[in-house]
Amino acid sequence: MKKNIIAMNASIMIGLGSILAAPSVYAESISDLEKQKESIQEKRSGVESNISDTEKKIDSLQDKQMTAEDQIAAIEAKIAESAKKIDAKNAEITQTKKEIEALKEEIKVLKERIAKRNEVLKERALSFQETGGDVNYLEVLFGSSSFGDLVDRVGAVATIAEADRDILKQHELDKKELEEKQKAVETKLASLEVAKAELLEIQKQQKQQKQEKDALVKKLKQQTEKHEHEKMGLEEEKANLAAQEKAIKSAISLEHQRLAELEAARKKAAAEAKKRAEQEAAQAAAQAASQASESKKQSTSSGYSAKSNSSSSSSSSPSPSASNVSQAPAVSSGTFTRPSAGYVSSTMGERWNKQHAGIDIAASGTVPVVAAADGVVSRSYFSSTYGNVVFVTHSISGQQWTTVYAHLSSRQVGEGAVVAKGQQVGIMGNTGHSFGQHLHFELHKGPWNYSKSNAVNPLNYINI
């Protein structure tokens, strides 16, 4: 009898020991969740630093762009000034060419005068050769009929001689003037042409500078747009990390709550076990002392058995039956279950020169979309690319996972909601950057980020 009592107490203590040991398992789970939260906080801090760096790059590019645009404005002003100068030179060249045309007329007249003088001079030269020159003048003088006539003839000879000298002198002056005018006009025209060529070269260089600055501004704008797009992605990643951190905190809170409930159940079970042990020890002692009859012993044993069965029956509760949702996929026994009915219309990989970070499941009609595993909804919002999208954060065996359900026609869960594996989170749709009704499903081993570096192929984890 004493041996039976010892064995009974030992079995109770073993059961109690298993209950007492249970919290350590959950404590480890909380530790894993805390580590995941710290990891998300570090990544969030890194993303914030990247956002700050990107903003500095954008500011620097915008400063460079403004400087380049100011330089372009200055160059355009110089080009306009050069154009005015070129127009002025063209006007001078046109005027000079008109002067040249007028000078040509003067030259024509001068040439006619020179030609006439040349004829007179030729005649004088011919007369000089035939008569010896001075003889003509003597004949004129000696042929006078009176003294008065002589005086007149002497004056006439002097006038003719002076006229000849004037003709020669004017002839030389006209020739010199003609040469000087031709040279002056030709020099002026050449100078204007050189000045115009220099201005055209300057304008060409200015236009080249403007083209270079225009190309620089275009490049700076493209870089700015790229960094702004990157900043938007980083800000979305930051928001997702903040939501995941919130989800992890919620999971930690739920885990603490479960621990508290478990601790309360453990204390209650320990108290009940202790009470049963005391009752059974008292009964055994009473049986040994009183040496009761065998029928009384059987009655006591039968009462204990009924009590034990009653206790066992009251401690078990029927598992709730999952609600059947029309067209929802059956919940599989693996780590992750299929998120919706339909066929895989696009797999993970390169698509349209971009990385397709998940799979597409297409189907027609009203198709429920369910959570692939137990978790907490970290984000539920409308995205310009994802459309209606739900992010769920999971903690499985100490590993954080993130699932993404995109292009939904509607969302049925909000941020912070705790979802069970197979629970409906939305309806398949065609919102955001989508072509035709389908579910875009992503699986990330770790938190979601803008570069989607943690994305893994869902087909390697889910039987679809």
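For the atom pair Glu201 CD and Gln205 CD, the distance stands at 5.0 Å (nearest 0.5 Å). Taken from CD1 in Ile51 to CD in Glu235, the straight-line distance is 5.0 Å, to the nearest 0.5 Å. Distance check: Arg411 CZ to Arg379 CZ gives 10.0 Å after rounding to the nearest 0.5 Å.
The heavy-atom pair separating Ser378 from Val392 by the smallest distance is OG-N, 4.1 Å. Taking all atoms of both residues into account, the shortest heavy-atom contact from Gln223 to Leu61 is OE1-CD2, 3.1 Å.
More than 12 non-hydrogen atoms from other residues, nucleotides or ligands lie less than 6.0 angstrom from NZ of Lys421. Within a 6.0 Å radius of CG in Asn460, more than 12 heavy atoms belonging to other residues, nucleotides or ligands are found. The number of heavy atoms from other shown groups lying within 6.0 Å of NZ (Lys452) is above 12.
Looking at Trp448, Trp401, Phe441 one by one, the single match for ring-ring contact (aromatic ring centres under 6.0 Å, His included) with Phe391 turns out to be Trp448.
Residues Ile359 and Leu439 are not in side-chain contact: their nearest non-hydrogen atoms beyond the backbone lie 4.5 Å or more apart.
Classified by interplanar angle (parallel below 30°, tilted 30° to 60°, perpendicular above 60°), the ring pair His356/His440 is tilted.
The pair Asp214-Lys210 meets the salt-bridge criterion, since a charged nitrogen lies less than 4.0 angstrom from a carboxylate oxygen.
Checked against the 6.0 Å centroid threshold, Tyr405 and His407 do not count as a close aromatic pair.
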